[in-house]
Amino acid sequence: TKQNYAYMSQHIGDVSNWETLDALERNVEHFLKLFRVELEAVVGDLHPEYLSSRWAQQFATRLGIPYLAVQHHAAHAASLMGEQPSVNVDPILACCFDGTGYGSDGAIWGGEFMLSSPLELERIAHLKYFPLPGGDSSIKRPYRIALALLKSLGLDWDPRLPSVAACPADERGILSRQIERNLNCAATSSMGRLFDAVASLLGIRQCVSYEAQAAMELEAASSPFIADVDPKAYSFDVETSESATTQIGCAGLLQSICSDVISGLDHRVIGAQFHHAVGYMILEVSERARRKMGLNQIGLTGGVFQNALLMQLAEQYLREAGFEVLTHSVVPPNDGGLALGQALIARHRIARGRD
């Protein structure tokens, strides 16, 4: 950033190897020379193990300037707010749904509702944690996510479910013990992983070769049926407690989905009803926030909102209820827009430190 401008780079890619990291470094040097920026600080993701975060810390040390770490979903919310000049003062409720983001409690976040203003970002609701056995290895095999969800919710591994059938018997035994003993199981609230699990339960995709493949195929299968199903066939369990953070459960939702799969209901119908359920859950949490805090601006951000079907439903339900809905139009909702949010939060922190 320089003065009132933010300069976004071209797509660099997933910084998980040294070749991509080298491309990132070369682009940083190019931008500094091109725009003649005098750096005050360097910003990175809160995750301590990301190559990009490590490089950013080293870069800041080399320049002798501060390094600031920003939580992933706070950055998503800030990137959306940065596009909206009308919300520079009033807080919004930012619905941040994606696959993976390191949380301030060390868990993997991804199904978050953030109370967001330029200076304060607070998580007020999230999908209930469920285990992700083996971390990234489960992401590549959605049937593992589905079985972990069922196990954690006390639901049976019925052999008629495609997820169970896709998992070899010996792997099921190991997976069961791993979840029971909480061995190498990361806690996650990821909406992206829930979409993967549902795609697996419906028999749409059991193994993926690229990010969000299962969720994208679930969206494609569901779209033609979205207008012809019962939009309230499924629902999430949004807790009614007055605690600081509302938790959103999916036990009843998954039990209904499993029952419909076993009974032979068309998987495309089930997928469409699941999309409706997510849209109505967003509405329910938003209405609670409006009653409690007077919020009327709802932002939709994070990679899950690249799902055009979900975006359409969420916008429709929110607007019909009288909400002002904020969406991305300048930077993408996924991690391609994350740097803008990181930079904006850093600028506010630096400015506050001077006051």
Side-chain angles (χ1 to χ4, degrees), residues 1-85 88 94 96 98-102 110 116 118-119 121 136 192 209-212 299 301-306 326-354:
T1 62
K2 184 177 182 180
Q3 297 171 348
N4 292 328
Y5 294 92
Y7 301 97
M8 304 293 286
S9 77
Q10 76 279 20
H11 176 72
I12 293 173
D14 183 7
V15 187
S16 58
N17 57 64
W18 291 110
E19 290 83 0
T20 315
L21 188 66
D22 181 62
L24 168 65
E25 185 167 13
R26 284 187 278 107
N27 274 279
V28 169
E29 297 292 347
H30 174 66
F31 268 55
L32 290 176
K33 291 177 182 177
L34 184 64
F35 298 109
R36 299 179 183 178
V37 176
E38 294 289 334
L39 293 183
E40 292 184 80
V42 181
V43 197
D45 193 88
L46 186 65
H47 199 303
E49 299 302 322
Y50 279 172
L51 281 178
S52 56
S53 298
R54 292 181 185 177
W55 178 85
Q57 292 178 58
Q58 294 167 1
F59 185 58
T61 300
R62 190 165 81 235
L63 297 178
I65 58 178
Y67 169 76
L68 303 175
V70 171
Q71 199 279 322
H72 191 87
H73 300 96
H76 272 309
S79 74
L80 178 60
M81 293 188 74
E83 292 190 28
Q84 318 287 334
N88 283 337
C96 307
D98 63 4
T100 301
Y102 187 77
S116 307
L119 291 177
L121 294 114
D136 287 350
S209 55
Y210 57 87
E211 175 70 18
T301 186
V304 167
F305 285 106
Q306 289 182 293
L326 310 177
T327 60
H328 287 275
S329 60
V330 179
V331 300
N334 68 357
D335 288 359
L338 205 65
L340 175 62
Q342 292 173 330
L344 290 174
I345 290 173
R347 283 164 64 104
H348 281 297
R349 286 185 188 174
I350 292 169
R352 184 166 53 181
R354 291 191 185 124

A.B. asks: So, E83 side chain and H328 main chain: donor-acceptor pair closer than 3.5 Å or not?
C.D. replies: no
A.B. asks: Provide the closest heavy-atom pair for D98 versus G303 in the form atom of the first, atom of the second, distance.
C.D. replies: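 Shortest heavy-atom separation between D98 and G303 comes out as CB-N, 3.6 Å.
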A.B. asks: To the nearest 0.5 angstrom, please state how far the CZ atom of R352 sits from the NE2 atom of H348.
C.D. replies: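 The distance works out to 9.5 Å.
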A.B. asks: Within this structure, what is the CG-CZ distance for the pair L21 and R26, rounded to the nearest 0.5 Å?
C.D. replies: 10.5 Å
A.B. asks: Can you classify the ring geometry of H47 versus Y102 as parallel (below 30°), tilted (30 to 60°) or perpendicular (above 60°)?
C.D. replies: tilted
A.B. asks: What donor-acceptor contacts under 3.5 angstrom involve side-chain atoms of residues 62-69, with partners at least two apart or in another chain?
C.D. replies:
none

A.B. asks: Between R54 and E49, does any side-chain N to carboxylate O distance fall below 4.0 Å?
C.D. replies: yes
A.B. asks: Would you compute the distance between atom CG of L34 and atom CG of N27 and round it to the nearest 0.5 angstrom?
C.D. replies: 11.0 Å
A.B. asks: Do you know the tightest heavy-atom contact between F35 and K2?
C.D. replies: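 The answer is O-NZ, 2.9 Å.
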A.B. asks: At what distance, to the nearest 0.5 angstrom, does CH2 of W55 lie from CG of D22?
C.D. replies: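 Here the interatomic distance stands at 10.5 Å.
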A.B. asks: Determine whether a donor-acceptor pair (N or O, by modelled atom type, separation under 3.5 Å) exists between the side chain of S79 and the backbone of L340.
C.D. replies: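 Absent.
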A.B. asks: Looking at G299 and L80, what are the two nearest heavy atoms and their distance?
C.D. replies: CA-CD2, 3.4 Å
A.B. asks: Is there a side-chain contact between D45 and L338 in this structure, where contact means two heavy atoms from C-beta onward sitting under 4.5 Å apart?
C.D. replies: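 Counting from C-beta outward, D45 and L338 do come under 4.5 Å.
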A.B. asks: Angle between ring planes, H76 versus H72, binned at 30° and 60°: parallel, tilted or perpendicular?
C.D. replies: perpendicular
A.B. asks: Tell me whether the count of non-hydrogen atoms from other residues, nucleotides or ligands lying under 6.0 Å of OH in Y5 goes above 12.
C.D. replies: no
A.B. asks: For the CD atom of E211 and the OG1 atom of T100, what is their distance to the nearest 0.5 Å?
C.D. replies: 6.5 Å
A.B. asks: Evaluate whether atom CD of E38 has more than 12 neighbouring non-hydrogen atoms of other residues, nucleotides or ligands under 6.0 angstrom away.
C.D. replies: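 12 or below, so no.
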A.B. asks: Counting distance only, does the side-chain N/O of Q342 pair as donor-acceptor with the main-chain N or O of V70 below 3.5 Å?
C.D. replies: no
A.B. asks: Is there a side-chain contact between F305 and T327 in this structure, where contact means two heavy atoms from C-beta onward sitting under 4.5 Å apart?
C.D. replies: no
A.B. asks: For residues T20 and D14, determine if any side-chain heavy atom of one lies less than 4.5 Å from a side-chain heavy atom of the other.
C.D. replies: no
A.B. asks: For the atom pair CG (L51) and CG (N17), what is the distance rounded to the nearest 0.5 Å?
C.D. replies: 8.0 Å
A.B. asks: Which pair of non-hydrogen atoms, one from I350 and one from A41, has the smallest distance, and what is that distance?
C.D. replies: CD1-CB, 3.7 Å
A.B. asks: Verify, without hydrogens or angle tests, whether Q71 (side chain) and H73 (backbone) share a donor-acceptor contact under 3.5 angstrom.
C.D. replies: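 Looks like yes, one N/O pair under 3.5 Å.
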A.B. asks: What pair of heavy atoms forms the shortest contact from A343 to T1, and how long is it?
C.D. replies: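 Heavy atoms only, the tightest pair is CB-CG2, 3.7 Å.
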A.B. asks: Do you know which two heavy atoms are closest between L121 and A77, and how far apart they sit?
C.D. replies: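 Taking every non-hydrogen atom into account, CD2-CB, 3.8 Å.
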